[in-house]
Number of protein chains: 2
Amino acid sequence: MSPRHSLAEAARTRDRIVGYAVAEASRVGLEGLTIGTLADGLGMSKSGIVGPFGSREQLQIEALDRAGGIFRAAVIEPVAGLPAGPDRLARLIDAWIGYLADCPFPGGCFVTAASTEFDGRPGPLRDHLRTAVTTWRSRLSGEIAAARVESAHRSPDEAATVLIGISMAVNQEIQLLDEPDAAERGRAAMRAAVGLPQ
Amino acid sequence: MSPRHSLAEAARTRDRIVGYAVAEASRVGLEGLTIGTLADGLGMSKSGIVGPFGSREQLQIEALDRAGGIFRAAVIEPVAGLPAGPDRLARLIDAWIGYLADCPFPGGCFVTAASTEFDGRPGPLRDHLRTAVTTWRSRLSGEIAAARVESAHRSPDEAATVLIGISMAVNQEIQLLDEPDAAERGRAAMRAAVGLPQ
DNA sequence: CCTACCGATCGGTAGG
DNA sequence: CCTACCGATCGGTAGG
């Protein structure tokens, strides 16, 4: 008589699985996810993992979308209420570097890793990724344009390439090289790249 | 009576396998390599693939090392004979962008992809990768220092982070986004980042 | 959500 | 270098 209850429980189960899959995939890649490993890690059966999603690919897609939401919550939403301008760009950079240094994904920036993993694998995952990356690039470009700062770079698009690149390099320095001053150097590099005072 | 012959043939077989594995791994990742797929692709049996290397991991390591050599041949060696200075740095940037735009790996920059793939997987592959990335970073930093150019960035290490980052962003724009002007924007961004004239 | 099972493929070996 | 084979694991399904 209370289908609400079981629906809510089903939604919670999905959430748990996706959350665990995101953490796991940040370490071993989305293609490294296996239903058996997730089942073991969550103390469930394989059919309990795959059932709610229908296929591994659907679970991968939902994990990717969830990761995008986590990124937005960490980097975009904290500055969304501020007026556009150099100060908001500076705070966005701080949030971004903070996200890389104290990463919500145990294996480092999810989207960066997924990008190199899927750029050569056509399919719905690559399509989702393209959309996410393009949307973020546009937003960042707009943010830089709205800040109206002077820099060595000749267009907001060029500066966006530089900031996105620095974030990837910082991610590598943290995750692969264990470089302790990667975050500070990255923040300075980002500020310098868009002409913000140190 | 001619062991030379069979030794040379064995070496050629190894070479063929490693070369094919590099191309394949640039598309599906080093972890996506399977002995069966390589065997099919090369028209050989699985034992013919794994035999010369002893294990899949050893083949992965040799593929990674080979990829490093291909990068050096494309980006470092062309400028090795020139005197250090701004002109050599400019030519290095041109070679680097050319490598990204007309990539010897069908799936894009091998080391960038391997870095995000293995930064969360401890083991000999990650160790090899760390060494390769650290060596390249040091060389690039030295190159920037030797050029003695003025830029918005405060140290050769910071500028190296920016150039490496731009290369990663350009790789993404080419491989994932199919952005036609990625190479030109990347070249301009790299020159601006190290204070070279456009 | 579970157990039990499917055919396919995994890395690798034995023996030649 | 091959064929033939090993136990383990893959994604997924049937039936409950």
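Note on the helix from C:dC1-D:dG16 to C:dG16-D:dC1: terminal axis deviation equals 0°, with five pairs used at each end and the result rounded to 10°.
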**Request:** Start with the C-alpha distance between B:E117 and A:T116, add both sets of side-chain angles, then the distance that settles side chain to side chain donor-acceptor pair (under 3.5 Å), and finish with yes or no.
**Result:** CA-CA 8 Å; B:E117 188 177 7; A:T116 54; over 6 Å; no
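D:dT9 atom P lies 17 Å from atom CG of A:L33, rounded to whole Å. Between B:L38 atom CG and C:dT9 atom P the separation is 15 Å, expressed in whole Å. If you measure from atom CZ of B:R56 to atom P of C:dT9, you get 17 Å, rounded to the nearest angstrom. The interatomic distance linking A:R12 (CZ) with C:dC1 (P) rounds to 10 Å, in whole Å. Counting to the nearest Å, the C1' atom of D:dC10 and the CG atom of A:D40 are 13 Å from each other. The interatomic distance linking A:D15 (CG) with C:dC1 (P) rounds to 12 Å, in whole Å. Look at CG on B:L59: it is 13 Å from C1' on C:dG12, rounded to the nearest Å.
Below 30°, between 30° and 60°, or above 60°: for B:F71 and B:W96 the angle between ring planes is above 60°, a perpendicular geometry.
Residue order along DNA chain D, read from the 5' end via each residue's closest nucleotide, puts A:T37 first among A:G51 and A:T37.
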Between the protein and nucleotides 2-6 of chain C, list the N/O to N/O atom pairs that are separated by less than 3.5 angstrom.
from, atom 1, to, atom 2, distance (Å)
C:dC2, OP1, A:S45, N, 3.4
C:dC2, OP2, A:S45, N, 2.9
C:dC2, OP2, A:S45, OG, 2.4
C:dC2, O5', A:S45, OG, 3.4
C:dC2, N4, A:S47, OG, 2.9
C:dT3, O4, A:S47, OG, 3.2

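Here the nucleotide nearest the side chain of B:T34, chosen from D:dT13, C:dG11, C:dG12, is C:dG11.
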